[in-house]
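What follows is a single structure, written as structure tokens, with notes after it.
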Amino acid sequence: MTQNTGPATPRVVLLDIEGTTLPVAFVHKVLFPYARAHLPALLVQQHDNPVVVQALAETAQLAPGVPAAEQLERWMDTDAKVAPLKSLQGLCWEQGYRQGELVADLYADVVPTLQAWKAAGLTLAVYSSGSEAAQKLIYGYTEQGDVTPLFSAFFDLKVGGKRESASYRAIVQQAGWVAADVLFLSDVVAELEAAEQAGLQVCQIARPEDGTVCGVRHRVAASLPQAARLFGLPEGA
């Protein structure tokens with residue numbers, strides 16, 4: 001009789017950002033206000049930037065007849081997960097990071113744990129509603145330096161929404177991974193459910209600092225080292 005040994009030890013770790021590796025407060029109290037304050041000037045100064053042109057065209061398609069600036073304000077008011085807004089916010093943040101006005105302060109356990117996972121041969125990747133460019137900025141300008149080399153891939157809303165199982169299937173297919181080998185870490189239960197439906201292993205990161213409400217169906221960890229223990233991965237320094 002073959003013994004059921006349970007899920008395989010993950011070979012890939014796919015990580016959310018906000019509430020998982022980075023405090024929610026940094027996004028909502030630093031990044032979002034910065035983009036809101038600087039977006040009007042950016043639209044004027046970079047009006048011929050292809051990213052701006054495309055984002056404004058997409059905004060017009062999604063909200064016909066509404067002035068772009070007004071629609072972008074509405075989306076920011078509701079934290080809408082729409083690609084054109086995320087692209088424009090990313091441009092604002094790029095300017096802020098490069099000018100030294102923005103520096104991401106990751107949770108203290110994040111970099112040591114990711115370094116241990118990378119050293120152990122795991123593949124690390126990011127999936128966030130923020131644009132790929134914005135993700136690379138967050139990890140490129142941290143209090144711990146540039147940690148983007150730790151990651152093999154970055155995925156954003158171009159693959160689909162984070163609460164849709166098809167998005168995780170698309171990620172696995174694009175990357176050439178086996179779904180059962182992938183561990184997805186996020187603070188949002190609905191995202192974990194979507195990933196689980198796509199065959200990924202999942203774990204909720206419930207940071208006490210963020211006041212994350214723990215779900216009842218999935219494994220829960222308060223930090224990346226705790227998640228590592230749950231799944232048989234190195235814990236880092």
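When a residue number appears, it is its place in the shown sequence, counting from 1. Atom set for the values below is all heavy atoms of this structure, side chains included, hydrogens, waters and symmetry mates excluded.
- Of the possible donor and acceptor atoms, one in the side chain of Arg207 sits under 3.5 Å from a partner among the backbone N and O of Thr20.
- Partners of Glu191 according to the side-chain hydrogen bond (donor to acceptor under 3.5 Å, both in side chains) rule, which considers only residues two or more places apart in sequence or in another chain, are Lys162, Ser186.
- Under the rule for a side-chain hydrogen bond (donor to acceptor under 3.5 Å, both in side chains), the partners of Tyr141 that lie at least two apart in sequence or sit in another chain are Arg98.
- Of the possible polar contacts, none joining the Ser128 side chain to the Asp16 backbone as a donor-acceptor pair under 3.5 Å is found.
- Annotation: side chain of Tyr139 is in contact with side chain of Thr21 (closest heavy-atom distance under 4.5 Å).
- In terms of modelled atom types and a separation under 3.5 Å, the side chain of Gln135 and the main chain of Gly130 share a donor-acceptor contact.
- No donor-acceptor pair closer than 3.5 Å links the side chain of Asp105 to the backbone N or O of Glu143.
- Gln173 CD: 12 or fewer foreign heavy atoms inside a 6.0 Å radius.
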Next on the checklist: salt bridge (Lys or Arg N to Asp or Glu O under 4.0 Å), that's the test. Do Lys136 and Asp146 meet it? Break it down for me.
Outcome noted: CA-CA 9 Å; Lys136 290 180 177 178; Asp146 180 4; over 6 Å; no
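- With hydrogens and angles left out, the side-chain atoms of Glu58 and Gln54 include a donor and acceptor closer than 3.5 Å.
- Under the 4.5 Å side-chain criterion, counting only non-hydrogen atoms from C-beta, Val111 is in contact with Gln115.
- Formation of a donor-acceptor pair under 3.5 Å by the Asp109 side chain with backbone atoms of Leu224 is found in this model.
- With sequence neighbours excluded, the residues that form a ring-ring contact (aromatic ring centres under 6.0 Å, His included) with Phe154 are Phe151.
- If you chain together hydrophobic residues whose side chains sit under 4.5 Å apart, Val202 and Val220 never meet in one group.
- Val189 is listed as a side-chain neighbour of Gln204, based on a closest heavy-atom distance under 4.5 Å.
- At distances below 3.5 Å, at least one donor-acceptor pair connects side-chain atoms of Asp210 with backbone N or O atoms of Val24.
- Panel note: side chain Thr78, backbone Arg74; a donor-acceptor pair is recorded below 3.5 Å.
- The side-chain heavy atoms of Thr113 and Glu235, taken from C-beta on, include no pair separated by under 4.5 Å.
- Taking the six-membered ring for Trp and thresholds of 30 and 60 degrees, Tyr127 and Tyr168 have ring planes more than 60 degrees apart, a perpendicular arrangement.
- Side-chain atoms of Gln226 come within 3.5 Å of backbone atoms of Ala222 as a donor-acceptor pair (strictly under, hydrogens ignored).
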Please tabulate, for side-chain N and O atoms in residues 81-89, each donor-acceptor pair with protein atoms closer than 3.5 Å (sequence neighbours left out).
from, atom 1, to, atom 2, distance (Å)
Lys81, NZ, Asp79, OD2, 3.3
Ser87, OG, Ala83, O, 3.1

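- Between Arg11 and Thr123, every side-chain heavy-atom pair lies at or beyond the 4.5 Å cut-off.
- Taking hydrophobic clusters as Ile, Leu, Val, Met, Phe, Trp and Tyr residues chained together by side-chain heavy-atom distances below 4.5 Å, Leu233 does not share a cluster with Phe184.
- Side-chain atoms of Thr9 and Phe231, non-hydrogen and from C-beta on, never get closer than 4.5 Å to each other.
- Gln201 places a side-chain N or O within donor-acceptor distance of the main-chain N or O of Ala8, the cut-off being under 3.5 Å.
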Output a table of donor-acceptor pairs, distance under 3.5 Å, between side-chain atoms of residues 26-35 and any protein atom two or more places apart or on a different chain; print 'none' if there are none.
from, atom 1, to, atom 2, distance (Å)
His28, NE2, Glu18, OE2, 2.7
Tyr34, OH, Glu101, OE1, 2.4

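- Residues Thr212 and Ile205 are not in side-chain contact: their nearest non-hydrogen atoms beyond the backbone lie 4.5 Å or more apart.
- Side chains of Cys203 and Leu183 form a contact here, defined as non-hydrogen atoms less than 4.5 Å apart.
- For the side-chain hydrogen bond (donor to acceptor under 3.5 Å, both in side chains) test, residues two or more places apart in sequence or in another chain that qualify with His218 are Glu196.
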